[in-house]
Amino acid sequence: SQGDLVAAQKARIAEFAKHPKARSHVAFVSNGVADFWTIAKAGAMAAGRELGCDVTVEFPGGGLSDQKRMLEDLIIRGVDGVSVSPIDPTNQIEVLQLVAEKSLLITNDSDAPTAPRLCYIGMDNYIAGRMCGELARAGCKGGEVAIFIGRLEQDNAKRRRQGFIDGLLGRSSDPTRYDEPSKVISESGYTIVGTWTDSFDRAKAKANIEDVMTKHPKLALVTGLFEYNSTLAVEVFKQSGKAGKILIAGFDEGADVIAGIRDGIVLGTVVQDPYGYGYESVKMLNAFTKGDFSMVPANGMLPISARVIKKDNVDAFWADLKAKLKAGKEAASKA
Amino acid sequence: MAELPVREGSVLARTVLRVTGIGRRYAGIPALTGVTMDVRAGEVLAVVGENGAGKSTLLKILSGVIAPSDGVIEQVDANGTSVPLQMENVREAARAGIALVHQELNLAENLDVAGSIFLGREPARFGFLKRATMMREAREWLHRVGLNVDPSTQCESLSIAQRQLVEIAKALSTQAKILILDEPTSSLSAREAARLLAIVKVLRASGVAIVFVSHHLDEVLEIADRVLVLRDGQQTGILNRDACDRATIERLMVGREIAAPAARVLPVDAQVRLQVQSLQTVHHRRHRISFEVRAGEIVGLAGLVGAGRTEVLEAIAGVTSSAGHASLDGIALTGNASQRVCEGVALVPEDRARNGLFLQDSVSMNLSLAWIGQHRQRGLVNRQGERAIVNHMISRMRVQPPAPARRVQTLSGGNQQKSVIGRCLAVNPKLLLLDEPTRGVDVGARAEIHAEVRRLADTGSAVLFASSELEEVLMLADRILVMHEGRILGEFAARDATEVAIMHLATGGTA
Amino acid sequence: MKKSLGIICLFVAICLITAIYGDGFLTGFNLTNLTQRTALFSILALGAGVVIVAGGIDLSIGSVVCLAGIMTPWLLVEHGWSAWAVIPLVLAMSATIGLFHGVLITRLRLQPFLVTLCGLLLYRGIARWMTGDQSQGFQGEFEDVRSIALARFDVPFLGDYRLPATVIPLVILVVLIGLFFSRTVWGRWLLATGRNENAARYSGVPTAWLTTGAYVVCSLLAGFGGMLFIFDIGSAQPSDFGNFYELYAIAAAVLGGCSLRGGDANVLGIVVGAATLQVLRTAIILVGLGSQLEFAVIGGVLLIGIAADELVRRYSARRAEQTSRMQH
Amino acid sequence: MKKSLGIICLFVAICLITAIYGDGFLTGFNLTNLTQRTALFSILALGAGVVIVAGGIDLSIGSVVCLAGIMTPWLLVEHGWSAWAVIPLVLAMSATIGLFHGVLITRLRLQPFLVTLCGLLLYRGIARWMTGDQSQGFQGEFEDVRSIALARFDVPFLGDYRLPATVIPLVILVVLIGLFFSRTVWGRWLLATGRNENAARYSGVPTAWLTTGAYVVCSLLAGFGGMLFIFDIGSAQPSDFGNFYELYAIAAAVLGGCSLRGGDANVLGIVVGAATLQVLRTAIILVGLGSQLEFAVIGGVLLIGIAADELVRRYSARRAEQTSRMQH
Ligand SMILES: Nc1ncnc2c1ncn2[C@@H]1O[C@H](COP(=O)(O)OP(=O)(O)OP(=O)(O)O)[C@@H](O)[C@H]1O
Ligand SMILES: Nc1ncnc2c1ncn2[C@@H]1O[C@H](COP(=O)(O)OP(=O)(O)OP(=O)(O)O)[C@@H](O)[C@H]1O
Ligand SMILES: [Mg+2]
Ligand SMILES: [Mg+2]
């Protein structure tokens, strides 16, 4: 069972303490294909290079079934540890148990508390969403608001959206609250006219924004909760002469969003630290193979918090990110 | 000898194409060997032989559709100098002035008639079509072959005979120096066929060299200047006109005599098997047709192209929709084709390539398709029985080569036709419908097919067939119905019928 | 014209319904957007149409869109090449892809479905590998080049409707391809090849060349379309850019009256088909149905549309038959 | 057998290369996984194959997989229905979908490509709408029902290879469909219908019924496969579950020797085709090429495989010609 698997993994780590692995091989598995993950990959590669361990990074492009297949195949390759961002944590227990049985399991980006994972590395998407919502609340004093997001199935997307809504409307913090995407919410001066998804088709995402502008000509603010949603909002508003008239609360660090913050057409953006996810994952798994369990906090969660980027800190943030990416790329090419 | 110009009528018959030792093998098996002949301007060279003798193969080689395995083809110009032809494809042949009318129809049905005639050679300036010119010229060629349709009609809506005429017009319009016709008359009725022969004569007089294949020896005797006879892929002789007579040709062709059919005695008052009342077909809704066929009776439908015979047969078989009433043995024929097949109706369709054959499949599959349904054992194929019936039908129909595993596509046209008829005969239908049953079938095989049909009728089945050849109608039918524009204009008992009387009715004259 | 009556009716019906039940359908802004999207998808659909007319199918359109679209900013931004080099290069690459398909299909006689299915996987794979799965964009630069797709022209008397620049290549293509099929010898040859390849070959039509040409045109238009798409959107992710676009393109062509049997060309129908799909997608938002319903509504409406078209056609055929009978 | 020689060679070659250059290919665990994935995809591919044999095509397979797969946990978990009700219901729904396709295609004579393309959009749309785009899963319960797909049997003498339970329905299906085509009258008639529908109809084959039946079987197997997939994976998202599976299924069938022109059946070839695709996907990870390359490698290898197959076939035909000529 659950506890047994955790105990068994810990026993294996204790075993490693006696016979540390000379060169370990760890894997990092994302929940999809995105720039976010290429930054995480850079972090993982950089850590691998620093610590002298082999790193395999896999991006499942085909959803749950693809992620399952990749995890199984990584087990076959005999990796020593896996850090995974589970797409559907409540329903993926079996394959996560399998990984825990044959290897060492930690999660990143989205947690699977019911799975036998040794640690979770990441932040709470509800909190990050709230940060974005509060950013919007501060910059826009009421009016019609539209939410754009790639898809709503995955757990982190739902939490992020709910966090945004609660933060914007100034509600109490309650991650279990859930507003139906199809409902119009009118509260405390804001009207959330709806949530639109695009299944990662950017042409569709752009069309969504344009069509919502047609349907709701009085939009005051939009938020794009996936990276490209914010980028496209900047794009569309520039093209239609609405830049600065409709405000944007961004998420993630798209180049256009950063430029938009400098130009003052984007209120700000909430950035996570994917580089940190990759870096810390590899570092922790590598430590496990040396028998070192000390990196894991008592509650089993290694927080890597999100930050709000506004006009004042945008330049410093950007420079730092560029440098990290470059280092990660070099690490990958030398690996 | 070939070097010497031969006088023939008013035109100097000069050799234009010399063929030496031509042969062709398919997967190692020879279909044609060692044909040596010459093709002369202003002369009709008829090629005759049984089904599968290699006629189409020879013609396809001459026109560049397939390459010969051995031998050379040389083109001879006016000075008598000969150039070997490297004919890899049709365009090379066309450049050498050779045009072919295929035995099987080959039209792109989405084009209009004019487009089909000029396909590949459209009048154009800088690649842009000169539509008016094309229409005008097409109209002329259609007029010449006696096809009375508008050149902007889609080929899709033409009947088989009309399509055949379009193909002929197409070949004529190339104004080829060498015109090769593979069974051009097989799907034409007597009138169109006569018209075609007249055109051939005119062309010959103007110095065109013509190679002509037909299973109708009358036609051959009428127009051929020389006759090349093939048997089993070998050349058995080239006869000059004066040496030509039916018996000699048949002997060279078949190597045996063709038996004359035995006279049939009809039971006097057999019961009515097929009863057709007020049948209305899709394209001839104005007229209602009623007739009946008795047990053991063979009824022939005569008429010109487009008279509506095919429609009547298809309506009875249930493959096209119709109004009215038809019954077999007093039980109404309703439902679709497959239900009617269960009730004992079988149809040999007119267009065998489209509606009859599974070209990529084996002879065995083609022959047994209906039989396995009739003799299924709890849904399973009776495989032993299947093998037996296939072998039986192959020998009964004399399918050549007698190989059940052969793909039907690789059979000669006549043998393909025998496979379709074999499929229908194998199930011993209560009512056999045949549409142009012996199209492209050689003289001997035709007699055999007729014999088989008679044998079926003798067991009490009813037979209804349509044919554009009056000769065949007169030969096979016990009773003849003459159709004209969707109506039955008259009826003859076989012994009272004459070609003249039938033609009179078929062209719309009153009885 | 008569052939595309069904799709035109469907199109008008959808527009009417959206105008009545939705918000802002008739605003200049919306019509401008719709024109732009229709133009972009029509360019792909025209390519798909040409291949369908030739009796083939091209499943790689979406992936060629992806590869060409991704390569453009990748070369411009990451590698700093000049637009004068990049645009011809990307187009040449797209045409080469088509040539490759054509040669495999006509010379090796492989099945088009299989060849272009491999292409679907291959070109997207190349795009992902080339960029390391990193999304590519113009990062706010190259406004001049992007104006090929983003420029808008004011039209007198049409209020705030502004004609998107992409309409220019679309109109040129429609006229050229329309003339090609109706007026040129090669167009006729392609029609004949599509319906009955043997018949065309026996008539001396260079069928292999024409078929290859059709695949070249299709891939070239897909590449050109991909470039316009990325100019329009600004950035794209190789793993999902252009996914399923081949299905939209083929659906538009087939809706517009190009039967998959080959040999039926209807250039205007293709454009109306593409427009129908775009209006449908917009209608879902303007009427306020929610994105989850998008697929269901498009699928359902198309199905009802084509079924109704067929029923009407049958009914009118029967009517015509009856009237002609009465006249006799 | 001879027809599938090419694909068998390709399969063996890929296995060999992966075993040599990859890690752990020959472990029991990996072979067990491969067997499971092959079985799941083969079930879809067999359905696709039956429709292809009948001369049609079914693009809705992936969406039926999605709808059936999503409905199963949705009814079991969200609505608390009993498995005894859910499984028959989902299968019946799948069969009804096939019936619907078949009727539209044979009675209304709509194009299969178009009908099933609408289906592709429609069923996924319904699944998304039904669940409100929420992913559906068993949440760790229903172990007993899921064991239909998850059970493993020990096999003597094969070390830690454990036979997945999904092999049982696969073997049953292969035997049934194989016998259907080779031994039953309807199988023969379906082949004939695929080859030349007109000729089949003229000789009294009930073509409309048979074609409809083929679509029913295809959708039924897609629904059954979808159920097994979700039992295997545990949960799925309506927006991407089963995406592109129709292409994998069709590709497996075509690779296995079923020509899209219809009339060629090769049941074992289909399974080998599906296995080839699965081994290829695994090979990419075992050899350590990186998931970006997955598409490029699959596309490239397939293309080279089918082209080589064709070239070898031609070469051997020429050789046969030459030897027989020498004998004469
Ligand atoms: N593609 C092929 N493969 C194998 N054998 C073939 C092929 N084409 C023709 N044959 C064989 O070549 C021989 C000659 O056929 P051909 O078509 O020339 O006969 P034909 O004289 O035209 O007969 P018909 O009067 O029936 O048209 C036949 O035995 C036929 O089976
Ligand atoms: N699909 C069709 N569309 C339009 N007209 C048709 C179609 N099929 C047949 N017809 C017309 O119906 C008439 C009867 O054709 P049918 O084929 O039954 O005649 P037929 O006596 O068998 O002559 P044929 O020797 O040409 O087969 C012809 O005038 C023909 O042009
Ligand atoms: Mg012949
Ligand atoms: Mg007829």
Side-chain angles (χ1 to χ4, degrees), chain C residues 52 57 59-60 63 100 104 107-115 117-134 238-239 243-244 247-248 250-251 254-255 259-261 289-307 309-311 314, chain D residues 52 57 59-60 63 100 104 107-115 117-134 238-239 243-244 247-248 250-251 254-255 259-261 289-307 309-311 314:
Chain C
I52 290 173
I57 194 152
L59 296 179
S60 73
S63 295
F100 176 60
L104 286 178
R107 303 291 157 187
L108 270 190
R109 316 224 116 249
L110 300 180
Q111 296 193 46
F113 194 94
L114 216 48
V115 168
L117 178 63
C118 290
L120 178 151
L121 297 164
L122 189 57
Y123 310 133
R124 182 172 303 281
I126 292 175
R128 290 182 63 180
W129 165 75
M130 227 168 57
T131 59
D133 263 342
Q134 179 77 48
S239 73
N243 257 342
F244 288 118
L247 291 186
Y248 281 111
I250 295 171
V254 177
L255 273 178
S259 151
L260 285 166
R261 274 182 314 185
L289 291 179
S291 333
Q292 299 105 329
L293 270 177
E294 177 187 337
F295 274 26
V297 170
I298 297 185
V301 170
L302 287 189
L303 202 54
I304 294 170
I306 56 175
D309 182 31
E310 180 62 31
L311 287 175
R314 284 197 191 182
Chain D
I52 290 173
I57 194 155
L59 296 179
S60 73
S63 295
F100 176 59
L104 287 178
R107 303 291 158 186
L108 272 188
R109 317 225 116 246
L110 301 180
Q111 297 192 43
F113 194 95
L114 215 49
V115 168
L117 180 64
C118 290
L120 179 151
L121 297 165
L122 189 58
Y123 311 133
R124 183 173 300 282
I126 292 175
R128 292 182 61 178
W129 164 75
M130 227 169 55
T131 59
D133 256 347
Q134 298 296 306
S239 69
N243 257 342
F244 286 120
L247 292 187
Y248 280 111
I250 296 170
V254 176
L255 273 178
S259 152
L260 283 166
R261 271 163 306 206
L289 292 177
S291 43
Q292 294 107 335
L293 271 177
E294 178 183 334
F295 274 25
V297 171
I298 298 186
V301 170
L302 286 189
L303 202 53
I304 294 170
I306 56 176
D309 182 30
E310 181 62 31
L311 287 176
R314 282 197 192 184

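Chain letters run A, B, ... following the sequence lines, proteins first, then strands; residues in each count from 1.
Residues meeting the side chain to side chain contact (heavy atoms under 4.5 Å, CB included) test with D:Glu310, sequence neighbours left out: C:Leu108, C:Leu110, D:Arg314. Partners of C:Ser63 according to the side-chain hydrogen bond (donor to acceptor under 3.5 Å, both in side chains) rule, which considers only residues two or more places apart in sequence or in another chain, do not exist here.
The choice from C:Ala127, C:Ser259, C:Gly119, C:Gly132 that makes the most heavy-atom pairs within less than 4.5 Å of chain D is C:Ser259. Per-residue heavy-atom pair counts under 4.5 Å with chain D were compared for C:Ile298, C:Leu302, C:Ile126, C:Leu260, and the maximum is reached by C:Leu260.
C:Phe244 CZ to D:Leu121 CG: the interatomic distance, rounded to the nearest 0.5 Å, is 8.5 Å.
Of the atoms belonging to C:Gln111, it is side-chain heavy atoms, and not backbone ones, that fall under 4.5 Å from chain D. In this structure, chain D has no heavy atom under 4.5 Å from any part of C:Thr131. Proximity to chain C (any heavy atom under 4.5 Å) is shown, for D:Ser239, by neither the backbone nor the side chain. With a threshold of 4.5 angstrom between heavy atoms, D:Leu247 approaches chain C through its backbone and through its side chain.
Contact check for C:Tyr123 versus D:Phe295: no side-chain heavy atoms found under the 4.5 Å cut-off. Taking 4.5 Å as the limit, some side-chain heavy atom of D:Leu303 sits within range of a side-chain heavy atom of C:Phe100.
The shortest heavy-atom contact between D:Ala251 and C:Leu117 is CB-CD2, 3.3 Å. Considering all non-hydrogen atoms of both residues, C:Ile250 and D:Phe113 come closest at CG2-CE2, 3.3 Å.
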